[in-house]
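Below is one structure, written out as structure tokens, with a few remarks after it.
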Amino acid sequence: MLADPELLTALHAGDPATLAALFDAHADKLYRLALSLLRDPIEAEDIAQETFVKLMTRPEQFEGRARLETWLYRVAYNACLDRLRRKQADPLPDDEPEADGESLPMPQSFVDWSATPEAVLLGAEVSAALEAAIQQLPESLRAVFLLRDVEGLSTEEAAEALGLSVAATKVRLHRARLALRERLSSYFDPSSVTP
């Protein structure tokens, strides 16, 4: 879905009402993405603000070939990566398995997910366990999972926002889901409950 030509015109003209409406619609989503990646509320606020400052000061960089939301995610994600690179000496992990035979984690326990009632999934304890498991994911997997499964972007939109191919996005999403399933399986395993 391409950007509305009227939106592009308003952005290029620097219309404050349009910018305020866009900020209200997208700031929380950008903040959540940045907070998940950086784990620092102050830096996450900075990223959200920097993203909109870039939109206000350089609206010509948004050309309208993609949805504005996707472009905003891309700008915020790149800003997060820049901050992470400055903090870490190690680069983000590669998407391809290493030659030494790196493989996906093997499940240690099997849980019948259909037996978990919906009401349990809505509980605060489950939400806390899920949030903790998401935070344990590597940044590259966490970003894909958040954009695709939490924010509801399509695989193509998430790939574009993260600067990845669709195939790499699918691989990262699959790895994230497997890792989360493994981390949460002990939580939902009825045999692990002590009487």
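It should be emphasised that the depicted structure is a prediction, and the values quoted were computed from it without experimental measurement. No hydrogens, no waters, no symmetry mates; every other heavy atom, side chains included, goes into these values.
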Give the minimum heavy-atom separation between [X] and [Y], together with the two atoms involved.
X	Y	answer
E182	S185	O-OG, 2.9 Å
A133	R183	O-NH1, 4.0 Å
A179	L137	CB-CD2, 3.6 Å
E160	R74	O-CD, 3.3 Å
A158	L147	CB-CB, 4.1 Å
S165	A159	O-CB, 3.8 Å

Full working for side-chain contact (heavy atoms from CB on, under 4.5 Å) between D82 and R85: CA-CA 5 Å; D82 287 343; R85 285 183 188 118; 3.6 Å; yes
[X] [atom1] to [Y] [atom2] distance, which is reported to the nearest 0.5 Å:
X	Y	atom1	atom2	result
H26	T51	NE2	OG1	12.0 Å
L146	E139	CG	CD	11.5 Å
E43	L84	CD	CG	8.0 Å
L141	R175	CG	CZ	7.5 Å
D24	L19	CG	CG	11.0 Å
R181	R177	CZ	CZ	9.5 Å

Would a 4.5 Å heavy-atom cut-off, applied to side chains only, mark [X] and [Y] as touching?
X	Y	result
L55	W71	yes
E50	I47	yes
F52	L22	yes

Are [Y] and [X] connected into the same hydrophobic cluster when the rule is that any two of I, L, V, M, F, W, Y join if their side-chain heavy atoms are below 4.5 Å apart?
X	Y	answer
V144	L81	yes
I134	L33	yes
V75	Y31	no
Y77	V53	yes
V166	V171	no

Between E151 and Y73, does a side chain to side chain donor-acceptor pair (under 3.5 Å) hold up when you go through it step by step? CA-CA 11 Å; E151 296 298 336; Y73 276 125; 3.3 Å; yes
For S36, is there any backbone N or O sitting under 3.5 Å from a side-chain donor or acceptor partner on R142?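 Flag set: sc R142 to bb S36 pair under 3.5 Å.
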Mind running salt bridge (charged side-chain N to carboxylate O under 4.0 Å, His left out) on R83 and D40 for me, showing each step along the way? CA-CA 11 Å; R83 289 194 185 204; D40 182 339; over 6 Å; no
Test side chain to side chain contact (heavy atoms under 4.5 Å, CB included) applied to C80 and L37, L35, L30, the passing residue: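 That would be L37.
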So R148 and T169, side-chain contact (heavy atoms from CB on, under 4.5 Å) or not? Walk me through it. CA-CA 9 Å; R148 182 69 179 87; T169 302; 5.9 Å; no
